[in-house]
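Positions are given from 1 along the sequence. Everything quoted here is computed from the prediction, not taken from an experiment.
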Amino acid sequence: MTQPPLLTDRQTLALHRSRVTDSAALFLHALARDEAQDRLSMVKRTFTSAAVVTPFPDIWQGVLPGARCISDDETLDLSEATHDLVIHALTLHWANDPVGQLIQCRRALRPDGLLLCLTFGGETLHELRAALATAEAEITGGLSPRILPMGEIRDLGALMQRAGFALPVADTLPLNTSYASPLHLMRELRAMGESNALHGRLRYPTRRSVLLRAAELYIDMHGTEDGRIPATFEIITLTGWAPDASQPQPLRPGSATHSLAAMLGTRETPLKD
């Protein structure tokens, strides 16, 4: 069987992450952590055996007492049916097999255990993506992989179903930030370990003319009156439960004992064949 092409160069990704030195640059991971805490505060349950999949475990220190922080390797360091909570924290977008990551999380959960997966959505960095693509096409006549393809909310919700989770829910948190210039944004991405680690990327530095043209286009298309540029990040939260017999089950089609028309106090008009 032919193996699917790799999306991520894991060695390069690890190198980029190893260069992260300023915790302030990890503000998106801190935001994901806070979002997870808010979600958990609304769940009427005490979790006693949590695991957090994260490339930056320091962000999670003291958040969930006794939680295990593990790296986002292709094969996760999780034992089967061990945890009542797994948080996959802002790293699914780098997975070569995202469905496989979710399946591993489900298998690590005890029955009726909870998964919270926070990941970047398709609106993330759409301004930079468009500017780089246009600039490269203008100057070189071609396109190369530069920014990860990120899933839309409907597609990511479907992944949860494919991975076997019960009661899956997906919702989105848009985050609008601003920077002094597109080059400042690119430096910030490098500082947070999110620069280009795509397997199919160019293996030589991008032409300076491409970067400068991309910056020019970015400002022309999105620049604000105060001289700054906006940058969109979208964090999608996927919630699902390991299947258990105690969970609500959908009724079989045709098993209803009362008609909708009777409940609404109206007449039911049969459709013609």
Side-chain angles (χ1 to χ4, degrees), residues 1-20 26 28-29 32 36 51-57 59-60 68-80 82-83 86-109 115-126 128-129 132-133 143-165 168 170 172 189-190 192-204 206 233-240 242:
M1 180 182 296
T2 303
Q3 293 293 324
L6 292 176
L7 175 69
T8 301
D9 181 340
R10 300 292 303 186
Q11 185 175 358
T12 297
L13 178 62
L15 179 62
H16 290 171
R17 288 172 171 174
S18 71
R19 293 171 176 168
V20 175
L26 299 177
L28 292 172
H29 286 268
V52 182
V53 182
T54 173
F56 303 109
I59 292 285
W60 291 86
R68 289 184 62 227
C69 287
I70 64 169
S71 65
D72 61 325
D73 299 328
E74 296 293 340
T75 301
L76 299 175
D77 184 19
L78 293 171
S79 300
E80 189 169 351
T82 301
H83 301 283
V86 174
I87 299 175
H88 205 291
L90 217 57
T91 184
L92 188 68
H93 59 292
W94 284 117
N96 281 309
D97 181 11
V99 177
Q101 290 275 303
L102 296 176
I103 290 173
Q104 291 179 71
C105 291
R106 176 181 55 77
R107 289 175 176 169
L109 288 168
L115 171 71
L116 278 179
C117 177
L118 299 106
T119 186
F120 287 120
E123 289 298 303
T124 299
L125 297 175
H126 69 86
L128 181 61
R129 188 191 308 272
L132 282 170
L143 290 175
S144 61
R146 294 188 177 277
I147 298 178
L148 276 166
M150 300 178 194
E152 302 296 332
I153 187 168
R154 180 179 299 180
D155 299 328
L156 291 170
L159 292 187
M160 293 289 283
Q161 293 181 315
R162 287 179 58 191
F165 283 96
T172 181
L189 293 173
R190 189 177 303 113
M192 66 176 72
E194 292 288 340
S195 48
N196 192 351
L198 288 166
H199 190 271
R201 72 190 185 284
L202 295 176
R203 301 303 170 121
Y204 50 84
T206 300
F233 295 94
E234 180 187 23
I235 296 179
I236 292 177
T237 301
L238 306 173
T239 307

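Between Met160 and Pro168, the shortest heavy-atom distance links the atoms CB-CB, 3.8 Å. Residues Ala89 and Pro55 share a closest heavy-atom pair of O-CD, 4.2 Å. The two residues Ala36 and Ile87 have their closest heavy-atom pair at CB-CD1, 4.4 Å. The minimum heavy-atom distance between Ala163 and Leu102, with the atom names listed, is CB-CB, 3.6 Å. Closest non-hydrogen pair, Trp60 versus Cys69, comes out as CB-SG, 4.0 Å. Shortest non-hydrogen contact noted between Gly164 and Arg106 is O-CD, 3.3 Å.
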Pair Ser71-Arg17, side-chain hydrogen bond (donor to acceptor under 3.5 Å, both in side chains): steps then yes or no = CA-CA 12 Å; Ser71 65; Arg17 288 172 171 174; over 6 Å; no
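Inter-residue side-chain proximity for Leu125 and Leu189 is flagged as met; some heavy-atom pair is nearer than 4.5 Å. Within the 4.5 Å cutoff, the side chain of His29 has no heavy atoms near those of the Val20 side chain. Contact check for Met150 versus Ile236: no side-chain heavy atoms found under the 4.5 Å cut-off. Side-chain contact between Thr206 and Asn196 is absent, with no heavy-atom pair separated by less than 4.5 Å. Looking at Leu198 and Leu7, their side chains come closer than 4.5 Å, going by heavy atoms from C-beta outward.
Here the straight-line distance linking atom CG of Leu28 with atom CG of Leu90 works out to 6.5 Å at 0.5 Å rounding. Here Thr119 contributes atom OG1 and Ile153 contributes atom CD1; the two are 11.5 Å apart, rounded to the nearest 0.5 Å. Remark: Glu194 CD to Thr124 OG1 distance equals 9.5 Å, nearest 0.5 Å. Here His16 contributes atom NE2 and Met192 contributes atom CE; the two are 14.0 Å apart, rounded to the nearest 0.5 Å. A distance of 9.5 Å separates CG of Asp97 from CG of Leu92, quoted to the nearest 0.5 Å. Going from atom CG of Leu118 over to atom OG1 of Thr237 covers 4.0 Å, rounded to the nearest 0.5 Å.
Panel note: side chain Gln101, backbone Leu76; no donor-acceptor pair is recorded below 3.5 Å. Asn96 contributes a side-chain N or O that, together with a main-chain N or O of Thr8, makes up a donor-acceptor pair within less than 3.5 Å. Judged by distance alone, with hydrogens and angles left aside, the side-chain atoms of Arg68 form no donor-acceptor pair with the main-chain N or O of Leu78 at under 3.5 Å. Looking at Thr12, its side chain never comes within 3.5 Å of a backbone N or O of Arg10 through a donor-acceptor pair. Between the Thr54 side chain and the Phe56 main chain, a donor and an acceptor come within less than 3.5 Å of each other.
Listed by chain and residue number, Asp9, His199, Arg201 satisfy the side-chain contact (heavy atoms from CB on, under 4.5 Å) test with Arg203 (two or more places apart in sequence, or in another chain). Arg107 pairs by the salt bridge (charged side-chain N to carboxylate O under 4.0 Å, His left out) definition with nothing, not counting sequence neighbours.
Screening residues 144-162 for salt bridge (charged side-chain N to carboxylate O under 4.0 Å, His left out) gives Glu136-Arg146 as the qualifying pairs, with residues at least two apart or on separate chains.
Note on ring orientation: taking the six-membered ring where Trp is involved, the planes of His93 and Phe120 are perpendicular (angle over 60°, cut-offs 30° and 60°).
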